[in-house]
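Presented below is the structure to which this report refers.
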Amino acid sequence: MIRLRAGAADLAMGARMAFTGGRDGWLRALLTALGVGIGVAMLLLAAAVPHALDAREARGDARDDLRLGAQLPAAANTLLIRATDTAFRDRPIRGRVLRPEGPAAPVPPGVATPPGPGEVVVSPALRDLLDSPDGALLAPRLGGARVTGTIGAQGLAGPNELAYYLGSDTLSTDEGATRLDAFGGGLPGEGFGPVLMLLVVVIFVVLLLPIAVFLGAAVRFGGERRDRRLAALRLVGADAGMIRRIAAGEAAAAALLGVAVGGLFFLAGRQLVPLVTLLDLSVYAADVRPPLPLVVGVALAVPALAVLVAMVALRAVVVEPLGVTRRATPVRRRLVWRLLLPAAGLGLLLAATAGVAPAGTENQTAAGAVLLLVGTVTLLPWLTDLVVRRLRGGPVPWQLAVRRLQLDSAVSARLVNGIAVAVAGTIGLQMLFAGVADQFTHSTGQDPSRAQVLVQFPARADVTAAVDRLATAPGVSASNATLVTGLTAGHDYADLRIGDCATLAEFARLDRCADGDVFLVRDPAAEGRPAIRPGTAVAVGDGGSWQVPGTAREVPGRPDPVGRQESAVLATPAAVGAARLGPLRSDAYLRLDPGRPDAIEHVRNAAAGGDLFASVLTLTGTTRATKFVNIQRGLYVGAVVTLLLIAASMLVGILEQLRERRRLLAMLVAVGTRPGTLSWSVLWQTAVPVLIGLALAVVFGLGLGVVLLRMVQAPVVIAWPVVGLCTALGAAVVLLVTGLSLPVLRRLTRPDGIRTE
């Protein structure tokens with residue numbers, strides 16, 4: 001019992017020491033709390049990501065209107081709906097046209113009252129866009145409807161989503177509308193394959209490990225003064241066990257304050273989340289809610305980490321009277337044990353290369369990646385010591401920086417560790433993404449060199465006028481349009497395309513062509529001759545008829561710009577003459593002027609003006625799997641957030657270093673050292689560990705990338721531009737942080753900094 005009380009008293013003394021010491025003590029505790037708080041906020045944010053994405057998906061499922069199978073009969077509780085999705089300057093816009101068929105028709109989530117004819121309900125973000133100067137370029141796509149309300153949060157995937165519901169009194173199933181009696185019930189999404197699961201696991205390791213590394217550095221803020229205080233306590237009679245308990249109490253108290261500050265940062269920061277959109281992804285503040293078990297885990301793990309780091313640090317400090325031995329020549333660090341962790345991680349990853357991340361190896365992969373990346377943390381102090389011991393001479397700022405690093409490089413190395421781990425992990429991930437991208441990239445068969453946009457108008461009487469308006473839209477440099485309908489002869493079917501010779505040449509290889517000619521194109525997959533032959537009487541569209549001229553000749557087909565090649569009858573206008581063809585639809589292939597960045601927006605407006613349900617398809621040569629794109633987008637978002645928060649944390653760490661050395665810096669200025677010399681000294685003192693850390697990060701990043709590519713049996717290709725970009729970003733973050741600390745350096749070097757009591 002007495003021992004327990006004594007131990008509790010020692011812990012309490014350490015907790016008091018964390019906040020005592022006057023202004024310096026409180027400032028030290030505040031800086032530690034800021035550093036730990038930023039790390040805790042990052043962990044809570046990462047823990048909240050799955051719930052935020054689940055909340056977005058749940059709202060998307062609740063408003064789902066896709067229905068497969070037989071159409072429902074019209075009733076008082078049914079609604080007709082059709083998608084009119086579009087985009088504005090690469091931002092997707094979700095659009096729907098509604099027509100209630102009875103008083104009990106379902107209402108979309110987030111909409112109080114369905115819009116009537118000529119009315120539209122928009123999302124808040126779309127309302128703001130329409131009210132902006134750019135709104136005039138978007139408004140024509142809403143058919144001149146009047147905005148009568150906004151969509152509530154429960155009907156939107158995120159606060160910055162662009163969406164609208166447009167009312168109609170003419171919508172019908174003949175126009176492709178879907179009838180439903182309730183919203184919701186979306187189809188299950190595509191699952192994660194082994195390669196995608198590997199990507200997700202490694203992404204979490206790469207994004208979270210730098211946070212843990214910086215937390216380990218943050219709890220060591222003020223380490224020099226703390227060690228001197230412990231040395232003084234040892235001088236007055238404290239034994240080694242008491243020193244450890246006091247150090248544990250001090251570290252735990254500062255960490256608990258940091259946990260509280262981190263919770264406040266998280267609560268304040270999530271209120272700003274709706275204001276941010278990264279790669280078309282936005283969430284509501286209420287979505288950013290980490291699970292309670294993870295919150296408790298963070299609250300317990302951070303103080304435990306602080307105590308562990310404090311105990312490890314005590315082993316490296318000879319606790320002698322007033323800490324004199326700390327200023328002697330430091331003991332050379334041992335290399336052997338520093339190689340054990342990355343070697344173990346490499347072994348775990350190599351052991352997993354037997355299969356392509358089979359089930360049950362996710363934990364092994366995560367552990368291997370963690371141990372390998374931790375190698376940058378363990379090796380950086382040793383490598384920094386090895387390099388700086390051999391540095392001699394140079395300008396005064398360089399000598400000041402080198403001498404400081406030779407005395408104690410551990411503090412600077414701790415600040416660089418987070419960036420080094422982040423860069424190493426990012427390089428490895430980018431290599432993995434580049435190596436497996438071909439597995440998720442598929443050719444569309446489209447040819448953007450022949451046309452960049454395909455506009456399809458549904459069948460209507462005045463489709464020709466709509467096509468003519470489209471050809472004169474600003475930014476359209478060329479237009480090839482055909483009128484299209486279906487031909488039926490018995491059990492045979494083919495498309496009839498009507499256009500001039502230049503346009504028909506997009507669908508077949510014509511040896512010669514004049515107005516009045518008809519060509520028969522056979523589907524390459526079909527055997528024998530074209531299904532519809534010269535002289536055949538065919539039914540056209542809905543009740544029309546036409547006699548295929550006997551002079552029609554067979555020609556070899558050619559894939560159109562979209563990549564399609566099917567059985568068709570190609571006819572010039574004079575060949576059909578006054579035949580009863582009925583309503584025709586139209587396909588228009590457009591070439592855009594690259595000097596007009598908003599050309600596609602004018603095309604979309606012209607298409608909507610011709611028919612609200614016109615389809616506008618931008619042609620591209622390749623496409624990527626949605627899950628792969630979303631995972632890559634998540635990596636970019638997480639990397640940006642991680643680098644920004646690590647930069648903020650590093651700034652706190654550098655400020656803490658300057659505060660610890662303010663008296664020395666002020667004395668140097670007092671004896672004639674120029675402030676510019678000190679500024680360059682601080683820059684070099686940071687730059688040397690950064691350069692060493694980035695070099696180490698490149699080595700470990702390449703090693704991680706090679707092993708991961710072997711796991712998925714992909715060819716090992718090193719994208720040096722990506723490596724250079726990742727390294728440059730890491731260096732830029734450090735230089736930015738150092739630059740932001742210079743004003744504080746100037747203030748700390750004032751003459752009153754020498755004052756002591």
Flag side-chain contact, heavy atom, 4.5 Å: [X] against [Y]:
X    : Y    : result
L380 : P689 : no
P395 : W680 : no
V295 : L44  : yes
W398 : V688 : yes

Which heavy atom in [X] sits nearest to a heavy atom in [Y], and how many Å separate them?
X    : Y    : answer
A255 : A306 : CB-CB, 3.6 Å
M431 : G701 : SD-O, 4.2 Å
P303 : V259 : CD-CG2, 4.2 Å
L350 : R710 : CD2-NH1, 4.0 Å
R289 : A48  : N-CB, 3.6 Å
L709 : L432 : CD2-CA, 3.9 Å

How long is the span from the [atom1] atom in [X] to the [atom2] atom in [Y], to the nearest 0.5 Å?
X    : Y    : atom1 : atom2 : value
L340 : L371 : CG    : CG    : 11.0 Å
R403 : L405 : CZ    : CG    : 11.0 Å
R245 : M311 : CZ    : CE    : 10.0 Å
L305 : L300 : CG    : CG    : 12.5 Å

(message) Is there a side chain to side chain contact (heavy atoms under 4.5 Å, CB included) between V261 and V36? Walk through the geometry before answering.
(response) CA-CA 8 Å; V261 172; V36 175; over 6 Å; no

As a test of understanding, state which of [options] forms a side-chain contact (heavy atoms from CB on, under 4.5 Å) with [X].
X    : options                : answer
R390 : V387, V388, L386       : L386
L704 : L373, L346, L429       : L373
L379 : V699, L339, L341, I692 : L339

(message) Between W337 and T378, does the side chain to side chain contact (heavy atoms under 4.5 Å, CB included) criterion hold? Intermediate values first, please.
(response) CA-CA 9 Å; W337 73 267; T378 59; 4.3 Å; yes

(request) Indicate yes or no for a side-chain donor-acceptor contact from R56 to the backbone of S282 under 3.5 Å, with no hydrogens or angles considered. (result) yes

(message) Atom CZ of residue position R270 - does it have more than 12 heavy atoms of other residues, nucleotides or ligands inside 6.0 Å?
(response)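 Correct, the count exceeds 12.
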
(message) Checking L372 against F700 for the side chain to side chain contact (heavy atoms under 4.5 Å, CB included) test, could you report, in this order, the C-alpha distance in whole Å, the side-chain angles of both residues, the deciding distance, and whether it holds?
(response) CA-CA 7 Å; L372 184 61; F700 277 84; 4.0 Å; yes

(request) Go through the steps to decide whether L678 and L400 satisfy the test side chain to side chain contact (heavy atoms under 4.5 Å, CB included), and finish with yes or no. (result) CA-CA 8 Å; L678 292 181; L400 289 174; 4.3 Å; yes

